[in-house]
Amino acid sequence: MRIVKSSKCRLRYSAEDLISAITSGGVMRHRAINAVIEDLCKCKFFENTVFKFVLDNGGTRTKAEEVFEDGLIKLSELLRKQQYQGGKIEAFAIQICKNTWLNMRRKKDEQLNLTDDISSMDSADQETPESLLAAKEKTAALQEILSNCLDDACLKLMQMKFIEGFRHDKIAEQLGLANANSSKEKLTRCKKNALKCIMQRNDYQNLLNSVDFHFKKTTTHGK
Amino acid sequence: MANKNYNEKIDQYLDGELESEEMASFEQSMNNDPSLEEEVRQNLLLREVAQEGYKENMRANIRKWKAENKQSGSKFNMKKLRIQLAAAASILIIIVATLFGVVAPQFSNEGIASRYYEPETDLGLIRGNNDADILRQAFENYEQANYSGAIPGFQRYPDNDKALYGLGLSYFQIEDFDSAINTFQDLVARDNIEYSEKAEFYLLLSYLKANQINSDFQQLLDKMIQDEGYYVGQAEGIKKNLDSFWRKLQ
């Protein structure tokens, strides 16, 4: 692989190579995304630009650190979902970080305003202090589940399947399992054990209701 | 949980892999069967947990990469300062070094390996149930530079690639290079995307430290240069050092 000396950052993947690796999926995509994030972490220009934007727009260094991390995590998600169409990778990443900070600031402003004026909350997608608190509580609950209900091997397997989108034969190859069936069986076992543990939680029903699920029930009267 | 067929169907539904007719039929089943809807929600919840784990790992990696960059940045400044201070006396140093054999040893196998060796201080997060406590303890020992203490813990998990990587690095640290070579060879053979390139690099350094400049070493060096992977710069540097004028003086 050649090193791409772009204008400001030293990146191992050109835009073209990155898109090709992302489209290939599996191991190629995993490796490419990690390389891009690692290279951006080590790019002084990228870090300085993000920090300057946050500090110039009412943020602190702590907030800038948070934006830097959240922005790169968001970038990895967008790359995985093939929402990068080309162009300078660092420019794309900087834009994501800028949006991350603007969203954070907007939420903070809304929290302050909405606490005084609850009646103005008529939009469904507007975030209320309550919903922000709920989101924080949910993240905490998910992290507790991660610590208590899933071991490293199961988490790795579930991430490979549900997040990286690996096929079962590839998962078996990477995790040293006999074949695709072994991977499927292990996944079923992992899910079963994790659910058994989750169902013992007091907030189990709330967690189930909180999942992002767009299925709409229809009434079946008279059938 | 539902039977195996339903499990697969739920995954296909959530992955958007069902044809429109199948999807309509599946949604009809959910309408008629609240327990099926609950199972779909359970599966979505598990995916959210996995997603949270992914974010947590990525955040840990970002912090690690940033820290590595800061370390190398400060190394760079020191290097620059040293170069400036040494510039005035460079000719004299070269002559003296040649005469007294100071430079030449830096191009010995040991010298080259030491120059390219970068200690891996943070091996990442360990999570899990009680069974993982021994492994967690081994990683803690490693991070506290208690390499001999870490080895028995790592040896308990021969199938865990992260533990194997920690084991190889620990052997390297206590200068048991033959064991380090065997361990990294094993890890390279597993072709794990997270560790294969790192294992190759530390295997290369272990060969150098053990003075095993044999055909295996040469093949590995050539492969790393040809693959143009993450450690290609280091591999090319090592090759250049091995071909150096100073080695011929030895």
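Chain naming here is simple, since letters A, B, ... match the order of the sequence lines and numbering starts at 1 in each.
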Taking [X] for its side chain and [Y] for its backbone only, find out whether a donor-acceptor pair lies under 3.5 Å.
{"X": "B:Ser244", "Y": "B:Lys240", "answer": "no"}
{"X": "B:Glu197", "Y": "B:Tyr230", "answer": "yes"}
{"X": "B:Asn146", "Y": "B:Tyr142", "answer": "no"}
{"X": "A:Ser20", "Y": "A:Glu16", "answer": "no"}
{"X": "B:Ser29", "Y": "B:Ser25", "answer": "yes"}
{"X": "A:Asp39", "Y": "A:Arg12", "answer": "yes"}

Find the one option among B:Asp15, B:Val40, B:Ile193, B:Leu45 whose heavy-atom pairs under 4.5 Å with chain A are most numerous. B:Ile193
So what's closer than 4.5 Å to chain B heavy atoms on [X]: side chain, backbone, both or neither?
{"X": "A:Ile163", "answer": "side chain"}
{"X": "A:Leu40", "answer": "neither"}
{"X": "A:Asn34", "answer": "both"}
{"X": "A:Lys156", "answer": "side chain"}
{"X": "A:Glu65", "answer": "side chain"}

Can you tell which part of [X] gets under 4.5 Å to a heavy atom of chain A, answering side chain, backbone, both or neither?
{"X": "B:Arg190", "answer": "neither"}
{"X": "B:Tyr195", "answer": "neither"}
{"X": "B:Asp11", "answer": "side chain"}

Tell me, out of [options], who's got the most heavy-atom pairs with chain B below 4.5 Å.
{"options": "A:Gln143, A:Glu69, A:Lys196", "answer": "A:Glu69"}
{"options": "A:Asn148, A:Val211, A:Val27", "answer": "A:Val211"}
{"options": "A:Leu72, A:Leu208, A:Leu187", "answer": "A:Leu208"}

How long is the gap from CD1 on A:Ile73 to CD1 on B:Ile62, to the nearest 0.5 Å? 4.5 Å
Salt bridge flag under 4.0 Å for residues B:Glu48 and A:Lys138: yes
